[in-house]
Enquirer: 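Dropping a structure here in structure tokens format, bear with me for questions.
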Amino acid sequence: MQFSDSIFATRFQTTRGDLENYLGEALSQGGDYADLYFEYLLTSSISIDESMVKSAAQGVSVGVGVRVISGERTGYAYSDDLSPEKIRKAARVAACIAAGPSKVDKFDLNEGVRHNLYPVLTAPTETAFTDRVDLVKRADRAARAYDSRIFQVQAVYADNLRHVMVATSDGVLTTDRQPLARMSVYALARQGSGMPQRGQAGGGGRVELDFFLNQKTPEHFAREAAREAVMMLDAVNAPAGEMTVVLGPGWPGILLHEAVGHGLEADFNRKGVSAFSGRIGQKVASELCTVIDDGTINSRRGSLNVDDEGHATQRNVLIEKGILRGYLQDKLSSTLLNSASTGSGRRESYAHIPMPRMTNTFMLAGESDPADIIRSVPKGIYCVNFGGGQVDITSGNFVFSASESYLIEDGKVTRPVRNATLIGNGPEALKYVSMVGNDLRLDEGVGVCGKEGQSVPVGVGIPTIKIDRMTVGGTA
Amino acid sequence: MSQNHLLELAVEVVKRAQDAGAADAECTIAEGDEFSANVRMRELENLKEAGSRAAGLRILIGRKTGSSYTSDLSPEGIAHLVKSAVELADITTDDPHADLPEPGELGSIAGDLQLYSADIEGLETGLKVETAKRAEAAALAADARITNSEGASFDTHVGRHIFANSRGFAGEYRSSYCGLSTVPVAREGDSMERDYWESSARRFAGLESPEAVGRKAAARALRRLNAVKVDTRKVPVIFEPRTARSLLDNLFEAVHGMMIYRHESFLAGKLGEKVAGDGVTVIDDGTIPGLFGSSPFDDEGVPSRRTMVIERGVLNNYLLNSYAARKLGMKTTGNASRGLTGNAGIGHGNFYLENGVQTPEQMMAGIADGFYVTELIGMGVNIVTGDYSRGAAGIWIRNGELAFAVSEVTIAGKLQEMLLDLEAANDLEFRNSIASPTLKVGEMTVGGK
């Protein structure tokens, strides 16, 4: 999409001259750099509970954020009104961070080439509500039909369509149209008068509605949620202490997101507050581990044609055969560290300052047969699904919480175990990876990453891996 | 825009929705100004300042609902808001319990809840930056091992909340907030640890001094240095007030009316039963002046109130909005909560656990081996089953005293058993809308080596 075709030009009548004018205002007090982030966001969501579509909502928000960078300082202001006088006022507020003559004397806005990773003609947000409401009804029916012990089902379908435009004093002018859709199903199962158990599943991406009709259907997610709930009815207490942990493929890649991903974000490293600070070139994982952050995978939830600072996303190698290779950079950190941008500057909305973030983070496949990995474990735990995770980037300690896992006894997967948190230390944990499967899988598309109060959609992926030593937080 | 204008606008939106075919309507408008200053290593790092406002609408046509929101409050934006909500009623289902509170249930607490202080809007940028700098400087000066910092921040928010519905309610209140925090990094040999301290208040004068904030943050980071991983074992666990608060978060979820009617909480069906230790009394009170959990009315226009949730160990009440109340055959407790739009969810006022009689030191005195938890990470709490398993860091208790730092461990148990085994110390302080004194759980599994 060209600037002239973007909603900001056609509907809000913003011109190139306006953009240059706003950037000029932003740099009127000095400063090294300024940028504008325009956002027009349409959202909708539909949810079913107790087989009734109890809620449907849609909304629209619009705004622009103005940023001025002067050395290590950032000034930021935003407006939820795109009138020129309001944007100029925001630019003047952001400008207050700087003092002295600007180092930027002219800017010539140019539209560069960028990816086309989600060529969605009609975004789900633009389809008829009657088509979308069927998704949650189908999920409800399928989860209940899965097993008579399923007694509660909730399903939520949500999508949004984000139009963005970034203009920078470096001369970048870029627009993007970012569709995103997700479906989530929660099921509760109960055996007689026993304790209920919950199962959940979901997925989506930057896709057309057809994705939910022909690829990952509501029935797929519903059965998965119901299966997990029913399976958990037989769960025994999780073990406690250090043991061998095998992670199944896909969403358990959240390990990488927590154990290494956050710790490699350049802002923390620039400040020397990450457990990974100053460790480029050092061994931080077993040589079986190569970890990538790639924002360029078609249709993925974590993918972007351009990051939220207008740079094309790319495939970044974080760890190569166990050696730490690089950090995830945004504009500010890459300037201060004098290194190239990695297309990792992201923000939640126009009201937020960008920072280095992950996109889709995964480990490359290895050579082991997943069945051999399980067979090699005399006693351990096999985790196939997780809730969330968290990391303390300074100590490097991270956790992720297993929602579906099993005991491994004598090389066989045996009983399901109750929810347990796994804990490890980022620069150490992956050194104990002794087998990597040939079955790399990316997650289904549900991830939300939070950092300093900002949430952004992300993806993860991993093949089956064996970690010889990790602490499992059970009670048995 | 004047305050009356927005209140009138909310009433107007409700009327327009009714004109467009809605039997009932609820409109929320929120307006706010935010400011934040970040400093790091004694230099200003970020300044952010902006204002925004938006409106949300929920309508009922029969027992079907539709919801919408917009940041565009122009006449065209409002027309679109109404049309968006009304058209969605076509795709939702008749829900016999969908409704608004009864007119008799609506209202607002009289008198000044002291939620707003004009002094915050008048603060000079220079003073705000200086306050953050002083907090960070105090942390950096506290000890030679404080070698680095993630900075300090001073934030303010001043807002106005407006709500009107088709049953005759129209009300608004202003609120203000300011917060000061700093995150020093301590280092000794290969050990690097960070921690934080924060102080927040409705008025500037209510903040702790920047020096106190900095010193406390530094002391917290320092005491985490050279932490070890302990052997896996079952011991008594003491939660300092900050981590004890997270147990109250879990408890709030467990008495949340929506979780109750769906049987999604381990406390569903337990009203009137003993669910916690004899010394445990938990109250939700949205009427305490000046606190962050207080408000004159909830997000359905029902007056906030004081609800005894657990009284000396016995579960007395769930926290309800009008929908959960209708589902359960009860009365709303004035705990409706929502963003701008959608069906109301449930929130808490000031949700706290009352003081016990022991000091934290007395509580610790009899413990030969135990774990004093100062940080919890991760989301390993399942409210359906009560399974509790979280990452933890803290200090090992040996012979009744804090002995050495511990990290990279888990603590695990079942919330049902933890509550019955819970004792409270006498150091309750209202720092946030959830508050707790130091708590002790008789036995949990610490997962380590």
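Chain naming here is simple, since letters A, B, ... match the order of the sequence lines and numbering starts at 1 in each. All values below come from the heavy atoms of this structure, side chains included, with hydrogens, waters and symmetry mates left out.
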Enquirer: Are any of the side-chain heavy atoms of A:Arg418 and B:Lys414 separated by less than 4.5 Å?
Expert: yes
Enquirer: Contact part of B:Asp94 toward chain A, heavy-atom cut-off under 4.5 Å: side chain, backbone, both or neither?
Expert: backbone
Enquirer: Please classify the contact of B:Lys234 with chain A as side chain, backbone, both or neither, using a heavy-atom distance under 4.5 Å.
Expert: side chain
Enquirer: Between A:Lys271 and B:Glu45, is the side-chain contact (heavy atoms from CB on, under 4.5 Å) condition met? List the steps.
Expert: CA-CA 12 Å; A:Lys271 298 169 184 176; B:Glu45 187 173 53; 3.4 Å; yes
Enquirer: Does any heavy atom of chain A fall under 4.5 Å from the side chain of B:Arg233, the backbone, both, or neither of them?
Expert: neither
Enquirer: Identify which part of B:Val183 has an atom lying under 4.5 Å from any heavy atom of chain A, answering side chain, backbone, both or neither.
Expert: neither
Enquirer: Closest heavy-atom contact between A:Ile423 and B:Gly391?
Expert: CD1-CA, 3.9 Å
Enquirer: Give the C-alpha distance, both sets of side-chain angles, the deciding distance and a yes or no for side-chain contact (heavy atoms from CB on, under 4.5 Å) between B:Gln416 and A:Met195.
Expert: CA-CA 12 Å; B:Gln416 295 91 320; A:Met195 173 75 74; 3.2 Å; yes
Enquirer: Determine the minimum heavy-atom distance between A:Gln154 and B:Glu264, stating which atoms define it.
Expert: OE1-OE1, 3.7 Å
Enquirer: Hey, what do you get for CZ (A:Arg469) to NZ (B:Lys449), rounding to the nearest 0.5 Å?
Expert: 9.0 Å
Enquirer: Among B:Tyr261, B:Tyr388, B:Phe266, which residue forms the greatest number of heavy-atom pairs with chain A at distances under 4.5 Å?
Expert: B:Tyr261
Enquirer: Of all of A:Leu422, A:Ile48, A:Asp80, A:Asp267, which one pairs up most often with chain B through heavy atoms under 4.5 Å apart?
Expert: A:Asp80
Enquirer: For the residue pair B:Lys327 and A:Glu50, establish whether any side-chain heavy-atom pair is separated by less than 4.5 Å.
Expert: yes
Enquirer: Rounded to the nearest 0.5 Å, how far apart are CD of A:Gln152 and NE2 of B:His263?
Expert: 6.5 Å
Enquirer: Nearest heavy-atom pair of B:Ala412 and A:Gly473: which atoms, and what distance?
Expert: CB-O, 3.3 Å
Enquirer: State whether the number of non-hydrogen atoms from other residues, nucleotides or ligands found under 6.0 Å of A:Lys86 atom NZ is greater than 12.
Expert: no
Enquirer: So for B:Tyr323, is it side chain, backbone, both, or neither that comes closer than 4.5 Å to the heavy atoms of chain A?
Expert: side chain
Enquirer: For B:Thr445 and A:Gly474, which heavy atoms make the closest approach, and how far apart are they?
Expert: CG2-O, 3.5 Å
Enquirer: Side chains of A:Thr43 and B:Tyr69: is there a donor and an acceptor less than 3.5 Å apart?
Expert: yes
Enquirer: Checking the side chain of B:Ser68 only, and the main-chain atoms of A:Ala57 only, is there a donor and an acceptor separated by less than 3.5 Å?
Expert: no
Enquirer: Go through the atoms of B:Asn148 and report whether side chain, backbone, both or neither lie under 4.5 Å from a heavy atom of chain A.
Expert: side chain
Enquirer: By salt bridge (Lys or Arg N to Asp or Glu O under 4.0 Å), which residues pair with A:Arg67, not counting sequence neighbours?
Expert: A:Asp35, A:Glu309
Enquirer: For B:Ser84, is there any backbone N or O sitting under 3.5 Å from a side-chain donor or acceptor partner on A:Gln58?
Expert: yes
Enquirer: With rounding to the nearest 0.5 angstrom, report the OG to OH distance, B:Ser71 to A:Tyr40.
Expert: 9.0 Å
Enquirer: Looking only at heavy atoms and a cut-off of under 4.5 Å, which of A:Ala351, A:Ser79, A:Ser403, A:Gly387 has the most pairs with chain B?
Expert: A:Ala351
Enquirer: Report which part of A:Phe400 has an atom under 4.5 Å of a heavy atom belonging to chain B: side chain, backbone, both, or neither.
Expert: neither
Enquirer: Name the option with the most non-hydrogen atom pairs under 4.5 Å to chain A; the candidates are B:Asn382, B:Asp90, B:Asn38.
Expert: B:Asn382
Enquirer: For the SG atom of A:Cys96 and the CD atom of B:Glu49, what is their distance to the nearest 0.5 Å?
Expert: 7.5 Å
Enquirer: Any side-chain heavy atom of B:Val384 within less than 4.5 Å of one from A:Gln197?
Expert: no
Enquirer: Go through the atoms of B:Arg58 and report whether side chain, backbone, both or neither lie under 4.5 Å from a heavy atom of chain A.
Expert: neither
Enquirer: Side chain from CB out, backbone as N, CA, C, O: work out which of these in A:Ala275 comes under 4.5 Å of a heavy atom of chain B, or both, or neither.
Expert: backbone
Enquirer: If I take atom CG from residue B:Asp95 and atom OG from residue A:Ser55, how far apart are they, to the nearest 0.5 angstrom?
Expert: 11.0 Å
Enquirer: Can you tell me if A:Thr421 uses its side chain to pair, donor with acceptor, with the backbone of B:Ser389 under 3.5 Å?
Expert: yes
Enquirer: Do you know the tightest heavy-atom contact between B:Glu150 and A:Ile393?
Expert: OE2-CD1, 4.2 Å
Enquirer: Heavy-atom distances under 4.5 Å only: say whether B:Ser36 touches chain A with side chain, backbone, both or neither.
Expert: neither
Enquirer: Tell me yes or no: between the side chains of A:Thr471 and B:Lys229, is some donor less than 3.5 Å from an acceptor?
Expert: yes
Enquirer: Between A:Val62 and chain B, which part of the residue has a heavy atom less than 4.5 Å away: side chain, backbone, both or neither?
Expert: both
Enquirer: Please identify, among B:Thr232, B:Leu88, B:Thr410, B:Asp72, the residue contributing the most non-hydrogen atom pairs under 4.5 Å to chain A.
Expert: B:Leu88
Enquirer: Side chains of A:Tyr78 and B:Glu34: is there a donor and an acceptor less than 3.5 Å apart?
Expert: yes
Enquirer: Between B:Val381, B:Asp387, B:Ile377, B:Thr92, which has the largest tally of heavy atom pairs under 4.5 Å with chain A?
Expert: B:Ile377
Enquirer: Look at B:Ile411, B:Leu57, B:Val409 and state which one has the largest set of heavy-atom pairs under 4.5 Å with chain A.
Expert: B:Val409
Enquirer: Heavy-atom distance under 4.5 Å to chain A: side chain of B:Ala392, backbone, both or neither?
Expert: backbone
Enquirer: Minimum heavy-atom separation for B:Ile91 to A:Ile46, with atom names?
Expert: CD1-CD1, 4.0 Å
Enquirer: Under a 4.0 Å N-O cut-off, is there an ion pair linking B:Arg194 with A:Asp392?
Expert: yes
Enquirer: Is A:Thr394 in contact with chain B via its backbone, its side chain, both, or neither, using a 4.5 Å heavy-atom distance?
Expert: both
Enquirer: Measure A:Phe268 against the heavy atoms of chain B and call it side chain, backbone, both or neither at under 4.5 Å.
Expert: side chain
Enquirer: Among B:Arg262, B:Glu193, B:Met192, which residue has the highest count of heavy-atom pairs closer than 4.5 Å to chain A?
Expert: B:Arg262
Enquirer: Using non-hydrogen atoms only, which part of A:Val273 is less than 4.5 Å away from chain B: side chain, backbone, both, or neither?
Expert: both
Enquirer: In terms of heavy-atom proximity below 4.5 Å to chain A, should B:Ile383 be classed as side chain, backbone, both, or neither?
Expert: backbone
Enquirer: Tell me, side chain or backbone of A:Val391 under 4.5 Å from chain B's heavy atoms, or both, or neither?
Expert: backbone
Enquirer: Is there a donor-acceptor pair closer than 3.5 Å between any side-chain N or O of B:Asn46 and the backbone N or O of A:Gly75?
Expert: no
Enquirer: Say you draw a straight line from CG of B:Leu44 to CD of A:Glu72; how long is it, rounded to the nearest 0.5 Å?
Expert: 11.0 Å
